[in-house]
Amino acid sequence: MELLIMINACKISRGFFDIPVDNLYAEPAVLQWIRENIAEWKNCIIVSPDAGGAKRVTSIADRLNVEFALIHKERKKVNEVDQMVLVGDVKDHVGILVDDMADTCSTVCHAADELPSAGATKVYVVLTHGIFSGPAVSGVNNAAFEAVVVTNTIPQEDKMKHCTKIQVTDISMILAEAIRRAHSGESVSYLFSHAPL
């Protein structure tokens, strides 16, 4: 659940940044949303829709003191998943799919369909960046999850008019505090390693 912020003016030379940048994480906002909006969060499994998100979901699962799972996917073409295999047990648990971004949403929609058939009681999707291009809104409307939660890094008002499942969580306080800390010479990473539970 990463965001990239450049605190100083950006100067690029030969394709590389020569200024400091900090990787900001939406994890504190995600944890807060889960605790405040999913009554059964203590009985959830955090699920990555692919192996690349394993570190992300284990971090969130550790902070919530719950288990995690992942979905192994095989592709034959770009943006087209051929087969998905769930690695982990979601039976009788709320499944919370977590990813950094979704464009067409085909992966999260397919992954969401896997979880109820594996015994999940409910499914939620949490994304840092909801791009929602092409058939995404239609896919979300027809998918087997309760809600798809995105941060406000991308405006969603228009998409929300066509899809009541899209919900937005605000990360402005994370950004504001990161800017304040960078300006004051304080640790920005402290926000994420010591964020209150």
Side-chain angles (χ1 to χ4, degrees), residues 1-12 17-42 44-50 52-68 70 94-103 105 107-108 123-133 136 140 145-160 163-197:
M1 316 268 352
E2 302 174 17
L3 307 167
L4 185 64
I5 185 168
M6 288 169 250
I7 304 300
N8 301 317
C10 177
K11 180 180 173 189
I12 300 175
F17 293 101
D18 64 355
I19 59 162
V21 295
D22 286 298
N23 213 12
L24 302 184
Y25 298 90
E27 186 174 297
V30 167
L31 293 168
Q32 181 178 350
W33 189 92
I34 290 171
R35 288 188 184 107
E36 291 177 358
N37 295 280
I38 301 176
E40 315 92 332
W41 70 266
K42 291 182 180 180
C44 75
I45 301 287
I46 308 299
V47 183
S48 175
D50 55 34
K55 183 177 177 183
R56 184 181 311 113
V57 298
T58 56
S59 177
I60 292 171
D62 287 349
R63 297 295 303 272
L64 292 172
N65 196 28
V66 298
E67 297 297 318
F68 69 92
L70 66 87
V94 173
I96 304 175
L97 281 159
V98 176
D99 209 350
D100 56 351
M101 62 178 261
D103 183 7
C105 293
T107 298
V108 293
V123 179
Y124 294 85
V125 175
V126 179
L127 307 167
T128 303
H129 310 290
I131 299 168
F132 302 130
S133 67
V140 168
F145 44 78
E146 306 293 313
V148 58
V149 181
V150 296
T151 67
N152 57 343
T153 58
I154 298 172
Q156 299 296 342
E157 291 77 16
D158 185 54
K159 302 289 193 306
M160 292 171 72
C163 183
T164 59
K165 290 183 180 181
I166 298 174
Q167 298 182 26
V168 176
T169 186
D170 184 23
I171 57 157
S172 61
M173 293 308 294
I174 295 170
L175 295 175
E177 181 62 10
I179 292 168
R180 187 199 68 75
R181 285 177 170 274
H183 180 73
S184 302
E186 298 174 50
S187 170
V188 173
S189 61
Y190 179 88
L191 285 171
F192 311 106
S193 59
H194 296 89
L197 294 171

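Please read these numbers as outputs of a predicted model, since none were measured by experiment.
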### Query
If every non-hydrogen atom of Ala178 is compared with every non-hydrogen atom of Val188, which pair is closest and at what distance?
O-CG2, 3.9 Å

### Query
For Thr58, which residues count as a side-chain hydrogen bond (donor to acceptor under 3.5 Å, both in side chains) partner, sequence neighbours excluded?
none

### Task
Mind jotting down which residue pairs meet the salt bridge (Lys or Arg N to Asp or Glu O under 4.0 Å) criterion with at least one end in residues 163-179? Sequence neighbours excluded, please.
Glu177-Arg180, Glu177-Arg181

### Query
What are the two closest non-hydrogen atoms of Val108 and Phe145, and how far apart are they?
O-CE2, 4.3 Å

### Query
Please walk me through it: do Leu31 and Ile60 pass side-chain contact (heavy atoms from CB on, under 4.5 Å)?
CA-CA 7 Å; Leu31 293 168; Ile60 292 171; 3.9 Å; yes

### Task
Rounded to the nearest 0.5 Å, what's the gap from CG on Leu24 to CD1 on Ile179? Could you check?
8.5 Å

### Task
Check Thr107 against Pro49 and note the closest heavy-atom contact, atom names and distance.
CG2-CB, 4.0 Å

### Query
Which value, rounded to the nearest 0.5 Å, describes the distance between Asp103 atom CG and His129 atom NE2?
12.5 Å

### Message
Heavy-atom count check: over 12 atoms from other residues, nucleotides or ligands less than 6.0 Å from Asn65 CG?
### Response
no

### Query
CD1 of Ile45 to CG of Leu70: how many Å apart, nearest 0.5 Å?
12.0 Å

### Query
How about Phe132 and Ile154: do any of their side-chain heavy atoms sit closer than 4.5 Å?
no

### Query
Between Trp41 and Ile34, which heavy-atom pair has the shortest distance, and what is it?
CB-CG2, 3.7 Å

### Query
Between the main-chain N or O of Ile171 and the side-chain N or O of Asn152, is there a donor-acceptor pair closer than 3.5 Å?
yes

### Task
Please confirm whether the backbone N or O of Met101 pairs with a side-chain atom of Thr128, one donor and one acceptor, at under 3.5 Å?
no

### Query
Between SG of Cys163 and CG of Asp158, what distance do you get to the nearest 0.5 Å?
11.5 Å

### Query
Considering all heavy atoms of both residues, which atom of Ser48 and which atom of Leu97 are nearest to each other, and what is their separation?
C-CD2, 4.5 Å

### Task
Find out whether Val168 and Glu157 are in side-chain contact, i.e. whether some heavy atom of one side chain is under 4.5 Å from a heavy atom of the other.
no

### Message
Working to the nearest 0.5 angstrom, can you tell me the gap between Tyr124 OH and Ile96 CD1?
### Response
8.0 Å

### Flag side-chain contact, heavy atom, 4.5 Å: Arg56 against Ile46
no

### Summary
On a heavy-atom basis, the closest approach of Ala61 and Glu67 is CB-O, 3.8 Å

### Message
Going by the rule side chain to side chain contact (heavy atoms under 4.5 Å, CB included), which residues pair with Glu40 if we only count those two or more places apart in sequence or in a different chain?
### Response
Ile38, Val94, Lys122

## Note on the structure
Rounded to the nearest 0.5 Å, the CE atom of Met160 sits from the CD atom of Gln167 at a distance of 7.5 Å

